[in-house]
Undergrad: 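I have a structure here, written as structure tokens, and I will follow up with some questions on it.
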There are 2 protein chains.
Amino acid sequence: MKGGSLILNKRAEYEDDLKQSGLKNTKSRKAIIDILIQSDQPITAEQIYLKLKESKTEINLSTVYRTLETLDNKGLVTKLSIMDDDRMFFEYNKMGHRHYLVCINCKKIVTIHGCPLTSYEEELEKETDFHIVGHKLYLYGYCSDCKKK
Amino acid sequence: MKGGSLILNKRAEYEDDLKQSGLKNTKSRKAIIDILIQSDQPITAEQIYLKLKESKTEINLSTVYRTLETLDNKGLVTKLSIMDDDRMFFEYNKMGHRHYLVCINCKKIVTIHGCPLTSYEEELEKETDFHIVGHKLYLYGYCSDCKKK
DNA sequence: CTACATGCAAACCGTTTGCACCCTA
DNA sequence: TAGGGTGCAAACGGTTTGCATGTAG
């Protein structure tokens, strides 16, 4: 399956997701989810806003924030604080469980598929008596370009 | 070794740390580091400010922020975004490498000692050609009290 | 038609900064 | 006593909110 048809496929899916979450299927929401799906890494509200502007779909920044918050509440989107500053990043959940490797120097974010923590979570549930429902893992370092310098 | 003497011990250590980082050994800095060391979990600048106030050591909030930033830059403190909102948490690094288990309901933060990721980091370095220098892992779930409800 | 969505501008709030004064080394 | 540290108040910037208007179902 090629990239293009994967995205078409995803679009059909998320119109369903919106419906099932009781959300109206508006132009803004579709445009914002499109951007999230096409992005290979988590992005900020402002980045989404700018990408929309580029593609001649001007949507107010507050609408972007409100949409992301709504989708987060419905579980369709996750809000992340990858850089440990006050900029929040967002990712579309349908893309599967992912972790990130962040270059400290150039801020590049590389997506890691596959998760080393499944059995660890089980162990920890026994130890702590928590019911664990998820985790976030960020790894930091220098990418191949930056480590040369 | 009892808790009290551990803390006394740590204090001697961190007066050294300050000196070695070229930082002046001021009342504010000592008070702030004391709070960090005594806390069994990462805390916010405002929590530090309030604890200081309680113990009759009023230190301006900007000074708290400035001190934390200075200590972060010197590598004595780490800044974390555990809750994925715009409140930053801080921890004292001398306490060793730690991970956190956060209760989604009551916001309790449990410290986890021991790290399941050492060999994983090595694998990943080969795969990605990054030089990995650290990671952050947060696990989320419901604590034993909250999962009953 | 009506409840939810959006645009706009103002408010919010955690954090940072400029400047005058203070204190450690 | 010089240069870093602190208090105070104002600025900053990402995010949220109130309100009037628009639109999907």
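The sequence lines fix the lettering, A, B, ..., with proteins before strands; numbering per chain opens at 1.
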Undergrad: Is A:D86 touching bases, backbone alone, or none of the nucleic acid, heavy atoms closer than 4.0 Å?
TA: sugar-phosphate
Undergrad: Could you state the atom-to-atom distance from CG of B:N25 to P of D:dT6 in whole Å?
TA: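 These atoms are roughly 11 Å apart.
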Undergrad: Less than 4.0 angstrom between a side-chain N/O of B:S62 and OP1 or OP2 of D:dG7, yes or no?
TA: no
Undergrad: Expressed in angstrom and rounded to an integer, what is the separation of B:N73 atom CG from C:dT16 atom P?
TA: 11 Å
Undergrad: Any side-chain N or O of A:T26 under 4.0 Å from OP1/OP2 of C:dA5?
TA: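 No, A:T26 has no side-chain N/O under 4.0 Å of OP1/OP2 on C:dA5.
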Undergrad: Rounded to the nearest 0.5 Å, what's the gap from CG on A:L124 to CD1 on B:I112? Could you check?
TA: 4.5 Å
Undergrad: Side-chain N or O of B:S28 versus OP1/OP2 of D:dG5: is the shortest distance under 4.0 Å?
TA: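 Looking at the OP1 and OP2 atoms of D:dG5, neither is under 4.0 Å from any side-chain N or O of B:S28.
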Undergrad: Considering only side-chain heavy atoms of A:K24, which listed nucleotide, C:dC4, D:dG5, C:dT6, is closest?
TA: C:dC4
Undergrad: Are B:Y100 and B:T111 packed together at the side-chain level, in the sense that at least one heavy-atom pair is separated by less than 4.5 angstrom?
TA: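 Result yes, sub-4.5 Å side-chain heavy-atom pair found.
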Undergrad: Classify the nucleic acid contact of B:R29 as base, sugar-phosphate or nothing, counting any heavy atom under 4.0 Å across all strands shown.
TA: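 Contact class for B:R29: sugar-phosphate only.
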Undergrad: Compute the ring centroids of A:H99 and A:H135, then answer whether they are less than 6.0 Å apart.
TA: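 That pair passes the under 6.0 Å test.
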Undergrad: Closest to the B:I59 side chain: D:dG7, C:dG7, C:dT6?
TA: D:dG7
Undergrad: Judged by each residue's nearest nucleotide on DNA chain C, which is more toward the 5′ side, B:L23 or B:F90?
TA: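 In this pair, the answer is B:F90.
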Undergrad: Return the nearest nucleotide to the side chain of B:N60; candidates are D:dT6, D:dC8, D:dG4.
TA: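 Of all the options, the side chain of B:N60 is nearest to D:dC8.
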Undergrad: Tell me whether B:K79 is salt-bridged to B:E69, with the criterion being a basic N under 4.0 Å from an acidic carboxylate O.
TA: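 No, B:K79 and B:E69 are not salt-bridged.
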Undergrad: D:dT6 C1' sits how many Å from B:E58 CD, rounded?
TA: 13 Å
Undergrad: Write down the distance between CD1 (B:I33) and C1' (D:dG5), rounded to a whole number of angstrom.
TA: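 From B:I33 CD1 to D:dG5 C1': 14 Å.
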Undergrad: Within the modelled atom types, does a donor on one side and an acceptor on the other bring the side chain of B:R66 and the base of D:dG4 under 3.5 Å apart?
TA: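 Such a pair does not exist between side chain and base.
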